[in-house]
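Quick caveat, the model's predicted, so the values are computed rather than measured. If you read the sequence from its start, that first residue is 1, and numbering goes on from there.
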Amino acid sequence: MTQNHPRPRTDAPSPLHPLDNPARSSLTGPHAHFAERRGRILRYPADVTPWLALPDAPDAQDWADVAALAGPGGSVALAAFQEPPPQDWEIAFRAEGVQLVDASVDAAPDPEAVPLGPRDVPEMLDLVARTRPGPFLPRTVALGTYLGIRRGGTLVAMAGERLHPPGWTEISGVCTDESVRGQGLASRLVLAVAHGIRERGETPFLHASASNTGAVRLYESLGFRLRRRTEFLSALVPATLPSADGTRRPSLR
């Protein structure tokens with residue numbers, strides 16, 4: 001008699017380190033209240049952050065659920081995830097990245113840094129549009145603490161928190177307006193955000209593009225060390241997907 005083996009629960013604990021699949025660790029942990037689900041697939045709301053979370057070893061049904069969430073031709077963003085998408089999924093963007101963790105960061109509050117919240121989002125989006133630090137959307141600020149520095153009433157630098165695996169918090173959205181670069185504002189804000197993370201008994205970490213050697217050197221000078229190399233990619237859902245009998249069927253929502 002054939003036994004049915006149920007698939008693991010979506011929120012089953014991962015045997016890997018929380019930072020090996022940080023989006024999944026976040027959405028099954030402190031950020032579970034953000035999670036949109038289909039089968040074992042989790043994702044953040046589209047106006048919060050684009051990252052989608054797969055199980056550590058996704059199978060064909062998982063990828064079918066990803067396709068159903070995104071829709072035909074939809075873009076799927078994977079953050080620091082090691083498993084490649086199926087061969088018939090077009091890679092729209094791929095970038096080598098590094099994951100850095102707090103080793104000896106001299107975290108400290110900054111007297112000029114001010115908390116940023118929902119009412120500051122228009123200014124934050126404007127700064128992001130000028131500096132392009134990575135994905136920052138209208139409700140990204142809901143993911144954690146964001147701090148900024150203003151000059152003459154204008155927001156010129158910011159940094160904040162994004163992914164939140166248990167015991168860890170990612171520092172993200174680090175950007176500085178061109179008019180004030182070279183004044184150390186980004187470093188000060190990273191240290192201030194790290195201080196708040198440490199105050200909660202958690203450990204700061206961050207991601208950076210491997211090609212942005214200047215940023216990587218800066219973070220290392222602040223006391224972060226390389227944990228692993230990874231990549232960021234977005235892939236496009238194919239118009240049709242293979243079915244169990246080998247034929248292809250339209251990918252549906």
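- When the shell of 6.0 Å around CZ of Arg200 is examined, it contains more than 12 heavy atoms from other residues, nucleotides or ligands.
- Using modelled atom types, one finds no donor on one side chain facing an acceptor on the other under 3.5 Å when comparing His164 with Glu170.
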Evaluate the side-chain contact (heavy atoms from CB on, under 4.5 Å) criterion for residues Val141 and Met124: first the C-alpha distance (whole Å), next the side-chain angles of each, then the deciding distance (0.1 Å), finally the verdict. CA-CA 9 Å; Val141 71; Met124 299 167 80; 4.1 Å; yes
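- Atom SG of residue Cys175 and atom CZ of residue Arg132 lie 12.0 Å apart, to the nearest 0.5 angstrom.
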Check the pair Val156 / Leu185 against side-chain contact (heavy atoms from CB on, under 4.5 Å), numbers first and verdict last. CA-CA 9 Å; Val156 294; Leu185 301 189; 4.1 Å; yes
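- Salt-bridge formation is detected for the pair Asp102/Arg198: a Lys NZ or Arg NE/NH1/NH2 atom is positioned less than 4.0 Å from an Asp or Glu carboxylate oxygen.
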Show, in sequence, the C-alpha distance, side-chain angles and deciding distance for Arg130 and Glu178, and conclude whether the salt bridge (Lys or Arg N to Asp or Glu O under 4.0 Å) test is met. CA-CA 9 Å; Arg130 298 196 307 272; Glu178 186 176 2; over 6 Å; no
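- Under the 4.5 Å side-chain heavy-atom criterion for grouping Ile, Leu, Val, Met, Phe, Trp and Tyr, Val121 is not connected to Leu137 through any hydrophobic cluster.
- By the 30° and 60° cut-offs, the orientation of the rings of His207 relative to Phe232 is perpendicular.
- Going from atom CG of Asp47 over to atom CZ of Arg139 covers 4.0 Å, rounded to the nearest 0.5 Å.
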Give the C-alpha distance, both sets of side-chain angles, the deciding distance and a yes or no for side-chain contact (heavy atoms from CB on, under 4.5 Å) between Leu191 and Val105. CA-CA 7 Å; Leu191 296 177; Val105 175; 3.6 Å; yes
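- Salt bridge Asp65/Arg43: absent, no basic N to carboxylate O contact under 4.0 Å.
- Looking only at side-chain heavy atoms (C-beta outward), Thr145 and Val193 stay at 4.5 Å or farther from each other.
- With contacts defined as side-chain heavy-atom distances shorter than 4.5 Å, the pair Asp177/Leu127 qualifies.
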From CA spacing to verdict: salt bridge (Lys or Arg N to Asp or Glu O under 4.0 Å), Asp56, Arg40: CA-CA 10 Å; Asp56 299 328; Arg40 301 196 300 171; over 6 Å; no
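- Put simply, the side chain of Val190 reaches to within 4.5 Å of the side chain of Leu222, judged on heavy atoms.
- Looking at every heavy atom in both residues, Arg228 comes nearest to Leu19 through NH2-O, 3.1 Å.
- Expressed to the nearest 0.5 Å, how far CG of Leu42 lies from CH2 of Trp51 amounts to 16.0 Å.
- Scanning both residues, Ala194 and Pro204, for their nearest heavy atoms gives CB-CG, 3.8 Å.
- Contact check for Arg229 versus Glu96: no side-chain heavy atoms found under the 4.5 Å cut-off.
- Residues Leu54 and Leu233 are members of one and the same hydrophobic cluster, defined by side-chain heavy-atom contacts under 4.5 angstrom among Ile, Leu, Val, Met, Phe, Trp and Tyr.
- Residues Val101 and Val174 fall into different hydrophobic clusters, defined by Ile, Leu, Val, Met, Phe, Trp and Tyr side chains chained together at heavy-atom separations under 4.5 Å.
- Between Phe34 and Tyr44, the ring planes are tilted. Angles from 30° to 60° get that label.
- Considering only heavy atoms from C-beta on, Thr176 comes within 4.5 Å of Val180 through its side chain.
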Would Phe205 and Tyr219 count as a ring pair (Phe, Tyr, Trp, His ring centres under 6.0 Å) if you check the C-alpha gap in whole Å, the side-chain angles of each, and the deciding distance to 0.1 Å? CA-CA 10 Å; Phe205 76 104; Tyr219 295 138; over 10 Å; no
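- For the residue pair Glu161 and Thr169, no side-chain donor N or O sits within less than 3.5 Å of a side-chain acceptor on the partner.
- Side-chain atoms of Ser234 never come within 3.5 Å of backbone atoms of Ala77 as a donor-acceptor pair (strictly under, hydrogens ignored).
- The heavy-atom pair separating Ala70 from Val237 by the smallest distance is CB-CG2, 3.7 Å.
- Leu52 places a side-chain heavy atom less than 4.5 Å from the side chain of Leu78.
- What you find for Ser209 and Val216 is that their closest heavy atoms are O-CG2, 3.8 Å.
- Here CG of Leu189 is found 13.5 Å from NE2 of His195. Values are rounded to the nearest 0.5 Å.
- Residue Trp63 comes nearest to Pro84 through the heavy atom pair CZ2-O, 3.6 Å, listed as atom of the first residue, atom of the second, then distance.
- Under the 4.5 Å side-chain heavy-atom criterion for grouping Ile, Leu, Val, Met, Phe, Trp and Tyr, Ile171 is not connected to Leu163 through any hydrophobic cluster.
- Pro85 and Ala235 get closest at one heavy-atom pair: CG-CB, 4.1 Å.
- Atoms CG and CG, on Leu236 and Asp88 in that order, are 11.5 Å from each other to the nearest 0.5 Å.
- The closest side-chain heavy-atom distance from Pro238 to Trp89 is below 4.5 Å.
- For the pair Leu218/Ser187, a side-chain contact is recorded, criterion being any heavy-atom separation below 4.5 Å from C-beta on.
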Let me see the working for Arg150 and Leu116 under side-chain contact (heavy atoms from CB on, under 4.5 Å), right down to the final yes or no. CA-CA 11 Å; Arg150 287 189 169 87; Leu116 301 174; 4.1 Å; yes
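- Atom CG of Asp62 is separated from atom CD of Glu83 by 10.5 Å, given to the nearest 0.5 angstrom.
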